[in-house]
Amino acid sequence: MKLRGRIAVAFCTVIMIPLLMITAVTFFVFQTQFDSMEQSFKIDEDTLAAVTNPILLVNRITRNVYNEVKLCAIKTPERLENRKYVESLNNKVKGKYSFLVLRRNGEITYSGSKDLTPELIERLPSYGEFSTEVDGGTYLGGMSPMLIKQTDFLYPDDSEGSAFVITNVSRVLEDLRKSLAQIVLSIVAIMFLTGAFVTYWLYRSVLYPLRVLQNSTNRMKEGDLNVSVQPMYADEIGELCEDFEKMRLHMKGLLEENMQHERESKELISNISHDLKTPLTAIKGYAEGLLDGVADTPQKREKYLRTIYTKASDMSTLVDELSMYAKIDTNAVPYNFQSLNLNQYFEDSIAECRLDLELQNMDLAYFPYVGKEQEIIADPEQLKRVVNNILSNAVKYREPSRKGIICIRTTDVDENYVQIELEDNGKGIGVKELPNIFERFYRTDVSRNSSTGGSGLGLAISKKIIEDHGGRIWAESRLGVGTTIYILLRKVVLQIHPHEEPEAAELGREKERLGLNGIVSKWNEKRRGNHE
Ligand code: ADP
């Protein structure tokens, strides 16, 4: 639920729940109170009527006993001279906050309670002044209000008698007051509980998530980016938590990238210094040998000088590769993507290096399985760098016991890609090493002082170049059998429909060629965009 909805619900809860509960409690308290009154006082009136008119209620509670007194006074007044009978009548009204009083010729002959004060005796209506109907009575106000029911009669000796059933109204009303107190207490409890519930609910849904967010922010401030913040509810704060979590993950990613970069930089420096130190030590050693006259024959001197030259060349190659890798890694190499005829490109490249390879006792075969017209999008110079890297690896890691063979195949993959396979029959690469050969500075030789003089950068550079072409490069190899490097490159798709007229097809081809430049320049633009 949204925060707005939550506030609206909280508002309604604070208003509606107390209202409903107070109504229910009031009804319940009055109902039980009057039910018990009805039972104890034998009132058969409607509860609502009793609540709305408490005097009527007071009146009703002594109705039966008063009727009995009245009947007795009229029919058998002599019984009212009988103390025991009078006591029994009094006992009947005693539990109803009432008592019986008898007066004879103005003198009080019986009083069922101490509540009959001289003041009250004074205020009692005189004989014949007032005769109470069934539900009537005289109400005496003051500090202790009384309801007096009076019946006048004549004793057997004709003396004037009055029987009073007096009800202490304040005591009757005490029960009602108790009910009222219960209701007030209930209202306070209900309001407190509702308030506590709403406060807790709002705390859980608003303050608690905010506190969690605050904690995470503080921990992030201290550099701990591992505190995940999960949204608890689908509300505005939940959305904030989601955004916060995205920001945290993004920052964590950046930090990890940064750390990884830092680690790689350190590793790079260590690798570079190692790789430079090895030939440098050799150069220094041989130069010292020359200076100290250890190489005392012209043959030895030539050997020393040749080694110095080879090591210096290795260093130069390493520095060149390093600078190339640095450029390529920072996207500082300006690619010049063009549409190249795949077959033509490989035929030319192979013609260039065949002689070189033959001199190194390597055979090279080319098997084109793609259409003669197949065009690809590539930078010829950078693609050549990749092919040369792979070919030089085939030479470097050849199996000395057999004649080296390199096979190059170009095949169609789908409407978007062509595949180039460069297979050799060299030493091959172990299963464990194979996944790492495209990592920079990775060499399968345990000893880094490999006689091959590899820098471990060739395939890393190749991978980056191919990926920048929008292609893919991977390798398959078997130890002792050979290695195949696969390259996927993007095709320039020519759409010539066979059903078209030859001229139309020619025109279409022309158009496609024009469009092709568009594709190529688009590809170049995309690259430039990526570099920026
Ligand atoms: P290097 O300059 O050392 O050749 P590369 O990045 O070109 O670096 O190759 C990484 C490693 O992969 C090499 O050191 C070598 O161990 C292994 N490798 C690459 N190509 C071949 C291959 N054709 N045959 C056997 N091993 C290879």
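Heavy atoms only: backbone and side chains are in, while hydrogens, waters and symmetry mates are out. Indexing begins at 1, ligand by ligand and atom by atom, following the structure's order.
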Practice task
State whether the shortest distance between N or O atoms of Asn393 and N or O atoms of ligand 1 falls below 3.5 angstrom.
Solution key: yes

Completion exercise
If we number the atoms of ligand 1 from 1 as shown, the ones under 4.0 Å from a heavy atom of Gly456 are 1 (P), 2 (O), 3 (O), 6 (O), 8 (O)

Problem - Rounded distance (nearest 0.5 Å) linking atom OG of Ser462 with atom CD1 of Ile485 - result: 8.0 Å

Problem - Side chain, backbone, both or neither: the part of Lys396 lying under 4.0 Å from ligand 1 by heavy atom - result: side chain

Problem - Short side-chain donor-acceptor distance under 3.5 Å, Glu262 and Asn258 - result: no

Exercise for the section: Pick one of side chain, backbone, both or neither for how Phe438 approaches ligand 1, counting any non-hydrogen atom pair under 4.0 Å. Expected result: neither

Problem - For Tyr442, atoms of ligand 1 separated by under 4.0 Å from a heavy atom - result: 10 (C), 11 (C), 14 (O)

Exercise for the section: Check whether any N or O atom of Leu459, backbone or side chain, sits under 3.5 Å from an N or O atom of ligand 1, and answer yes or no. Expected result: yes

Exercise for the section: For salt bridge (Lys or Arg N to Asp or Glu O under 4.0 Å), just list the numbers for Glu245 and Arg248, CA-CA rounded to whole Å, side-chain angles, deciding distance to a tenth of an Å, and then say yes or no. Expected result: CA-CA 5 Å; Glu245 183 63 7; Arg248 182 188 73 83; 2.7 Å; yes

Problem - Side-chain donor-acceptor contact under 3.5 Å, Arg211 with Gln214 - result: no

Handout entry: Pair Tyr366-Glu347, side-chain donor/acceptor within less than 3.5 Å
Key = no

Handout entry: Pair Asn341, Lys372: side-chain N/O donor-acceptor within cut-off below 3.5 Å
Key = no

Practice task
Examine Glu321 against ligand 1 and note whether any of their N/O atoms are separated by less than 3.5 Å.
Solution key: no

Problem - Asp424 and ligand 1 - part of the residue with a heavy-atom distance under 4.0 Å - result: side chain

Practice task
Could you tell me whether some N/O pair between Ala460 and ligand 1 is separated by less than 3.5 angstrom?
Solution key: no

Handout entry: Side-chain donor-acceptor pair present, Glu421, Thr484, cut-off under 3.5 Å
Key = no

